[in-house]
2 protein chains.
Amino acid sequence: MPLLRSWVDTANEANCSFPLNNLPYGVFSSGNEKPRCGVAIGDRIFDVTAAEAGGLLSADKEPLFDEPSWNKVMAEGPRAWESLRARLISILGEGSTDQASAAAHLVPLAMTRPHLPFRVAEYTDFYAGRNHATNVGTMLRGPENALPPNWLHIPIGYNGRASSVVVSGTPVRRPWGQLKGPNDAVPRFAPSARFDLELEIGAIVGMPSVHGQPVTVAEADEMIFGYVLLNDWSARDIQAWEYQPLGPFQAKATATTISPWIVTKAALEPFRVSTPQRELALLPYLQEPRPLLYDITLEVGLTPDGGKETIIARTNYAEMYYSAAQQLAHHTTSGCAMNTGDLLGSGTISGATKDSRGSLLELSWGGKEPISIADGSRSFIEDNDTITLRGSAKGKGYMIGFGDCTGRVLPAHSDLYARTDQRSG
Amino acid sequence: MPLLRSWVDTANEANCSFPLNNLPYGVFSSGNEKPRCGVAIGDRIFDVTAAEAGGLLSADKEPLFDEPSWNKVMAEGPRAWESLRARLISILGEGSTDQASAAAHLVPLAMTRPHLPFRVAEYTDFYAGRNHATNVGTMLRGPENALPPNWLHIPIGYNGRASSVVVSGTPVRRPWGQLKGPNDAVPRFAPSARFDLELEIGAIVGMPSVHGQPVTVAEADEMIFGYVLLNDWSARDIQAWEYQPLGPFQAKATATTISPWIVTKAALEPFRVSTPQRELALLPYLQEPRPLLYDITLEVGLTPDGGKETIIARTNYAEMYYSAAQQLAHHTTSGCAMNTGDLLGSGTISGATKDSRGSLLELSWGGKEPISIADGSRSFIEDNDTITLRGSAKGKGYMIGFGDCTGRVLPAHSDLYARTDQRSG
């Protein structure tokens, strides 16, 4: 597919993240105004809340954009998603008869701040990157037992905490937790010293499933509304002590940062690729009816306080062993109902080479091999470091960008409950 | 505290679950009417949605009962909870001047059906019963390594699935899942053959906490609105294969049944007891500022299809090693925000004796020692068995009952995706 041209000139530039082919969905505000729904186009946001109120969109129906979230659109299902996208392409495309009225609803993106684009219902995080699972397993159990026995059969996942999800730009406070070194007799309660990032892609469930009725992989793919970049912040020292036998809990609950724009499945359609070759066939209920991954190049930047950014990892979403649709189908096997707004983290995306690993745990090999950055070195995240995830799918003469997924790590509270007491008092 | 007498005569009977001292909160409907909020009193429900609309309750404020859930009340906080309870005691108590107008809003409980009493925000399940953890650990790792090393320090928990929560009476369909026996080369996809119950108490978070700001145990206790009985249905064979390394996932996602009535913290106040003696002191942030458990006697009934009920376990909530307030405080240590409607499962409640174990896994010792029931024996749940949890706190001349928490297990779908295809077609 070639570049679709827009009358918003900046959308036609080759290095623009938001050409007419993309049209990602977000929620934004400017000044003291209330957050509203918008679509990114070039260096502008098309304010669909205002456009709908003005009669330019779906005037014959119940309002979709009268609340600051895309959940209503998500719940409408694939036919409504298609017709909305077609209408937006018609309004914002070159030669549009709506240009004059639509232009009144364009806002400079640089003048706005992002909000969460949807209400997160529940959040599930997976462990579906083979290189990541192999690296972590090698550190924990040695190379012979790196992959758990179930790993090649099940998209391993755990339920995360929806209340941890924040939009890009939100500062992240280094957490306290129970820590216990291998030689300590008892644990202590202290700030995490091994705070880490995880480079992931988040899939957003649009259409719900019915409680008690599992869905096929093909149906699961249809239920997915779109994708975001996702940083699954992880306190490795808290995790090491707490995670047996029931999995990660507080280690993953501090924050989960997502990029501000939902990149729709439709925009990513030209970039579909298959999951990798397998030495062990999957059970039929997990098999892939069509290519379910996407060719999305990804990178992670680390910027020290007042310093220069170093790109610490470059990889691709196509590295995943299980796709979001396979994860979602597996998620319903027990009869579990999936709802509009459910968010599925892909699991950490790591390539085969050392410079393509999607976490500092892997990049520094558990802290034993600190990596060099422009202003020093890192084993784990230091206070006031900013972590930025970026991603894009590259077409011929255009790209589908996700927008930055960024967060700065603030120092831990010095006295955790003193603050709490002030709040109550 | 003695029995508080009500003008609803049945509320004054010694074996009544719902005396004036209790006043539990639920959502009910009768016939084709919409679900509405109610308070159980004797063999009646006081329809607070109608009472509020009629001006008998909080007429000077925004309506609290115009939606079929107690979330609005929960979000109001402890002072509002106290004044609502005081008002209800005044309306429904002997000698009330509101008797005539309130009597018009009484509905016979037997003519109604229950609905979920609140919108579940997120669901966390703990593993805080020492006998249960010891029993399960002994089966898995032998008696020397029964308790995981962190168990005496951390209230171990995992995030469950809020969409799995259903109200008492909802049938539960036996799930399919990946199963692999110790001698199987590869897993197969089939119905669970080791479907089980777990006897728990659920704590309901009323007041939210602030993202990034942990709460103390005392604050956590204040945030809790009330308690329900909770059956954490568990597919042991699915769990055994999936749970390493990230914890239970589909094994616990089929359904989580709760009793219909929220028993408030205020009603349970006279029954507070301390958590047990500890050989290892807890870290200060987990210590108990006052008694945080409750003396609630519990039992589990199993009724085969068309058969007679056998009580398969009798125990007490006071067996727990960690209270809900300690679990909730731990849940916020990472900065995790807790919200109105969050539900915390206590973990399986098992006593020290064989007949006080809160799961069939323990009662039948992993299926090796089937238990006798009136009409045969059981290792795990069989199709069309009904499981009923009951609980009450016993005062002098009255009791605080929870109402049954019941569910019948339907046979697994014979062809899982054939049904799905019919649904789509």
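Each chain gets a letter, A, B and so on, in the order the sequences are listed, and its residues count up from 1. Remember, it's a predicted structure, so these values are computed and weren't measured experimentally.
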Discussion item. Non-hydrogen contacts under 4.5 angstrom with chain B: give the residues of residues 340-348 of chain A involved, or none if there are none.
Written reply: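 Residues in range: A:Asp342.
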
Worksheet item: Which residues, numbered in order, of residues 159-169 of chain B come under 4.5 angstrom of chain A by heavy-atom distance?
Response: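 Those residues of residues 159-169 of chain B which have a heavy atom under 4.5 Å from chain A are B:Asn159, B:Gly160, B:Arg161, B:Ala162, B:Ser163, B:Ser164, B:Val166.
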
Discussion item. Using a 4.5 Å heavy-atom cutoff, which residues in residues 325-332 of chain B come close to chain A?
Written reply: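 Counting heavy atoms that sit under 4.5 Å from chain A, the residues of residues 325-332 of chain B involved are B:His330, B:His331, B:Thr332.
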
Practice prompt. Is it possible for you to check whether B:Arg278 lies under 6.0 Å from the centre of the six-membered ring of B:Tyr322, through NZ or CZ, and within 45° of that ring's axis?
Written response: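 Because its charged atom sits under 6.0 Å from the ring centre and within 45° of the axis, B:Arg278 does stack over B:Tyr322.
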
With a 4.5 angstrom heavy-atom cut-off, which part of [X] approaches chain A: side chain, backbone, both or neither?
X	answer
B:Pro148	side chain
B:His153	both
B:Phe195	neither
B:Gln178	side chain
B:Arg188	backbone
B:Leu286	side chain

Worksheet entry | Contact winner vs chain A - B:Ala235, B:Cys336, B:Gly335, B:Pro175, heavy-atom pairs under 4.5 Å |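 Option with the top pair count is B:Cys336.
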
Worksheet item: So which of B:Pro187, B:Pro191, B:Pro248, B:Ala121 has the largest heavy-atom pair count under 4.5 angstrom toward chain A?
Response: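 Option with the greatest count: B:Pro187.
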
Discussion item. If the condition is salt bridge (Lys or Arg N to Asp or Glu O under 4.0 Å), which residues does B:Arg141 pass it with, not counting sequence neighbours?
Written reply: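 Salt bridge (Lys or Arg N to Asp or Glu O under 4.0 Å) check on B:Arg141 returns nothing, list empty.
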
Fill in: Centroid-centroid under 6.0 Å between B:Tyr321 and B:Trp151 rings
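So the answer is yes for these two rings.
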
Fill in: Per-residue contact mode, A:Leu283 against chain B (heavy atom under 4.5 angstrom)
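For A:Leu283, the contact with chain B is made by the side chain alone.
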
